[in-house]
Asks: 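One structure coming up, written as structure tokens, with questions to follow.
Atom set for the values below is all heavy atoms of this structure, side chains included, hydrogens, waters and symmetry mates excluded. Quick note on labels: first sequence line is chain A, next is B, and so on, each numbered from 1.
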There are 2 protein chains.
Amino acid sequence: MQSESEFLAAYDPRAYPAVAVTVDVVALTIRDGRLCVLLVERGEQPLAGRRALPGGFVRKEETLDQAAMRELGEETGLRPGEGELTRVHLEQLRSYGDPHRDPRMRVFTVAYLAFAPSLPDPRAGSDAAAASWVPVDEARDLAFDHDAILADGLERARAKLEYTPLATAFAGTEFTISELRQIYAAVWGEELHAGNFHRKVLSVPGFVESTGETTARGGERGGPRAKLYRAGDARLLHPALLRPTREEGVR
Amino acid sequence: MQSESEFLAAYDPRAYPAVAVTVDVVALTIRDGRLCVLLVERGEQPLAGRRALPGGFVRKEETLDQAAMRELGEETGLRPGEGELTRVHLEQLRSYGDPHRDPRMRVFTVAYLAFAPSLPDPRAGSDAAAASWVPVDEARDLAFDHDAILADGLERARAKLEYTPLATAFAGTEFTISELRQIYAAVWGEELHAGNFHRKVLSVPGFVESTGETTARGGERGGPRAKLYRAGDARLLHPALLRPTREEGVR
DNA sequence: GCAATAGTGTCTATGAGACAATATCAC
DNA sequence: GTGATATTGTCTCATAGACACTATTGC
């Protein structure tokens with residue numbers, strides 16, 4: 001069996017070419033109605049000065065999920081399991097391993113996708129000195145293959161809003177239907193009909209549940225007080241909220 | 001920046017703990033109306049005699065996709081790009097990297113999912129001596145974490161049939177609507193209403209296109225000749241074919 | 001009062017699914 | 001002829017989306 005004999009050859013670490021495994025995180029949040037991604041500025045060669053996704057080596061005795069959560073915590077200055085980071089949604093995106101995606105050596109990376117509510121500017125942590133939230137449409141020319149990773153993450157995020165309640169991961173613990181609609185609009189990049197969206201969200205079992213409260217005051221430019229909701233217990237939306245204007249998948 | 005300094009430390013391969021990266025393939029096909037997965041029998045320690053997903057090391061100068069296609073070709077005895085292997089659908093599933101998932105060393109694996117039309121028994125290739133197609137409900141107690149990988153692959157496959165035309169990857173180049181329905185039934189594990197399925201498939205633009213031909217003769221137990229179709233040019237099904245009896249995602 | 005927004009009502013087109021009906025074939 | 005299967009027809013219900021309408025609030 002081919003795989004078995006290869007495994008055995010690897011028993012001596014020095015007999016095998018050096019490879020490394022990292023995690024990179026596409027961390028998304030909504031700021032000022034815009035979808036933003038967490039980027040760091042590289043301080044060292046190669047590609048010094050270029051922006052990149054936060055990431056780093058997977059450590060010994062650490063799972064991939066743990067490594068991703070640790071990196072996210074380091075770059076945001078927040079500690080996993082503390083405060084708002086407990087509400088961050090984190091899921092594996094996919095892996096990238098083209099032979100020369102890193103010029104120094106063979107580096108495989110496992111990309112993660114994170115949905116975060118609006119977090120403070122990532123200045124608190126020491127490691128986060130060069131980290132910042134950047135609107136996704138301004139996040140170009142990233143280091144390595146991070147443009148492609150970001151694009152994959154965005155597509156995944158847009159698709160996930162359709163059939164999961166993960167949009168609530170971008171909101172605070174309590175939110176109005178309008179806030180939820182603005183999250184969808186920011187991620188999908190298109191406005192949604194307020195009335196239909198409102199009725200539809202409430203018609204999906206388990207998507208949101210009412211708190212019984214309303215906002216303290218109406219909107220900035222007038223309007224009634226909105227009812228407040230929190231995330232429900234649904235794992236999947238049924239029926240789904242499909243994106244409006246998308247070409248048919250014919251090509 | 002944490003990740004950068006770690007990268008630099010890795011410049012000396014010997015300074016870094018040995019890790020390995022493999023690909024494992026969840027290759028699915030339909031045989032005799034049952035969904036089957038390609039398994040190999042391990043001939044060497046550890047876990048000798050246990051069944052496992054086919055897989056092996058990613059080689060130098062090889063992309064992950066190429067490694068997965070190579071492994072699949074080795075185990076099926078077919079050569080990538082030749083014959084029926086050109087029609088195999090292959091996509092990345094996800095990665096697994098728990099610290100002790102392999103008892104010998106730190107091994108990260110990138111799992112792939114393959115949809116194949118009914119292939120000959122994998123005896124032709126020398127490497128494939130111990131490989132065989134096993135009905136998925138009999139594929140238990142696999143080596144390492146392959147039970148979990150298989151479960152993830154099955155869930156992905158079932159979901160993909162809903163919104164992509166990939167069911168056609170299990171069929172021959174020409175097929176009847178009934179054959180397509182039996183593929184759905186095998187993957188989803190439930191019967192589908194013939195009349196409604198038939199009308200629905202034809203109503204999705206680009207799912208299938210008529211060849212103008214019919215089968216040479218009717219069914220084994222009677223019935224008219226069925227029209228033949230081939231895969232259309234759709235990448236996504238719109239509207240989707242949703243699975244019938246699934247609990248709502250509440251929990 | 002005026003403008004903006006929350007929330008609801010109505011209407012239409014489309015799709016899902018239950019069920020029935022018809023046509024064609026193997027035997 | 002008999003039974004099985006392919007294919008089409010009909011009916012009902014749920015949903016998406018367009019649009020209109022009312023109520024409530026900030027200014």
Asks: Please confirm whether any donor atom in the side chain of B:Arg199 sits under 3.5 Å from an acceptor in the base of D:dG9, or the reverse.
Replies: yes
Asks: Round to the nearest Å and state the distance from A:Glu162 atom CD to D:dA16 atom C1'.
Replies: 14 Å
Asks: Stepwise, does the side-chain contact (heavy atoms from CB on, under 4.5 Å) test hold for B:Val88 with B:Leu72?
Replies: CA-CA 10 Å; B:Val88 171; B:Leu72 181 59; 3.8 Å; yes
Asks: If you assign A:Gly195 and A:Gly223 each to the DNA chain D nucleotide with the nearest heavy atom, which residue ends up on the more 5' nucleotide?
Replies: A:Gly195
Asks: Would you mind telling me which residue lines up with the more 5' stretch of DNA chain C, A:Arg181 or B:Ser203, judged by nearest nucleotide?
Replies: A:Arg181
Asks: Measure from the side chain of B:Arg217, starting at C-beta and using heavy atoms only, and say which of D:dT5, D:dT24, C:dA26 lies closest.
Replies: C:dA26
Asks: When we call it a touch if two heavy atoms are under 4.0 Å apart, what does B:Gly222 touch: a base, just sugar-phosphate, or nothing?
Replies: base
Asks: CD1 of B:Ile177 versus C1' of D:dT7: gap in Å, rounded?
Replies: 10 Å
Asks: C:dA23 P sits how many Å from B:Lys227 NZ, rounded?
Replies: 14 Å
Asks: Between D:dT5 atom C1' and B:Leu192 atom CG, what is the distance in whole Å?
Replies: 16 Å
Asks: Do A:Thr109 and A:Asp24 have side-chain atoms, one donor and one acceptor, less than 3.5 Å apart?
Replies: yes
Asks: Quick one: is B:Lys200 getting a side-chain N or O under 4.0 Å of the D:dT7 phosphate, OP1 or OP2?
Replies: no
Asks: Just the rounded figure in Å: distance from P of C:dG17 to NE2 of B:His193.
Replies: 11 Å
Asks: Between B:Gly219 and B:Leu241, which residue's closest nucleotide on DNA chain C lies nearer the 5′ terminus?
Replies: B:Leu241
Asks: Base, sugar-phosphate or nothing for B:Ser178? Non-hydrogen atoms, less than 4.0 Å.
Replies: sugar-phosphate
Asks: Could you tell me the separation between the CZ atom of A:Phe197 and the P atom of D:dA18, rounded to a whole number of Å?
Replies: 15 Å
Asks: Measure CD/A:Glu191 against C1'/D:dA18 and give the value in whole Å, please.
Replies: 17 Å
Asks: Do any side-chain nitrogens or oxygens of A:His198 fall under 4.0 Å of OP1 or OP2 in C:dG7?
Replies: yes
Asks: Rounded to the nearest Å, what distance is computed from the CG atom of residue A:Asn196 to the C1' atom of nucleotide C:dA13?
Replies: 14 Å
Asks: Taking the six-membered ring for Trp, are A:Phe197 and A:Tyr184 closer than 6.0 Å centroid to centroid?
Replies: yes
Asks: Give B:Ala240 one of three labels, base, sugar-phosphate or nothing, depending on what nucleic acid heavy atoms sit under 4.0 Å from its own.
Replies: sugar-phosphate
Asks: Just to confirm, is there a sub-4.0 Å distance from OP1 or OP2 of C:dT5 to any side-chain nitrogen or oxygen of A:Arg221?
Replies: yes
Asks: Side chain of A:Leu202: nearest nucleotide among C:dG15, C:dT8, C:dA6?
Replies: C:dT8
Asks: Measure from NZ or CZ of B:Arg94 to the centre of the six-membered ring of B:Tyr96 and say whether it is under 6.0 Å with the direction within 45° of the ring axis.
Replies: yes
Asks: Ion pair present between B:Arg243 and B:Glu190, side-chain N to carboxylate O less than 4.0 angstrom?
Replies: no
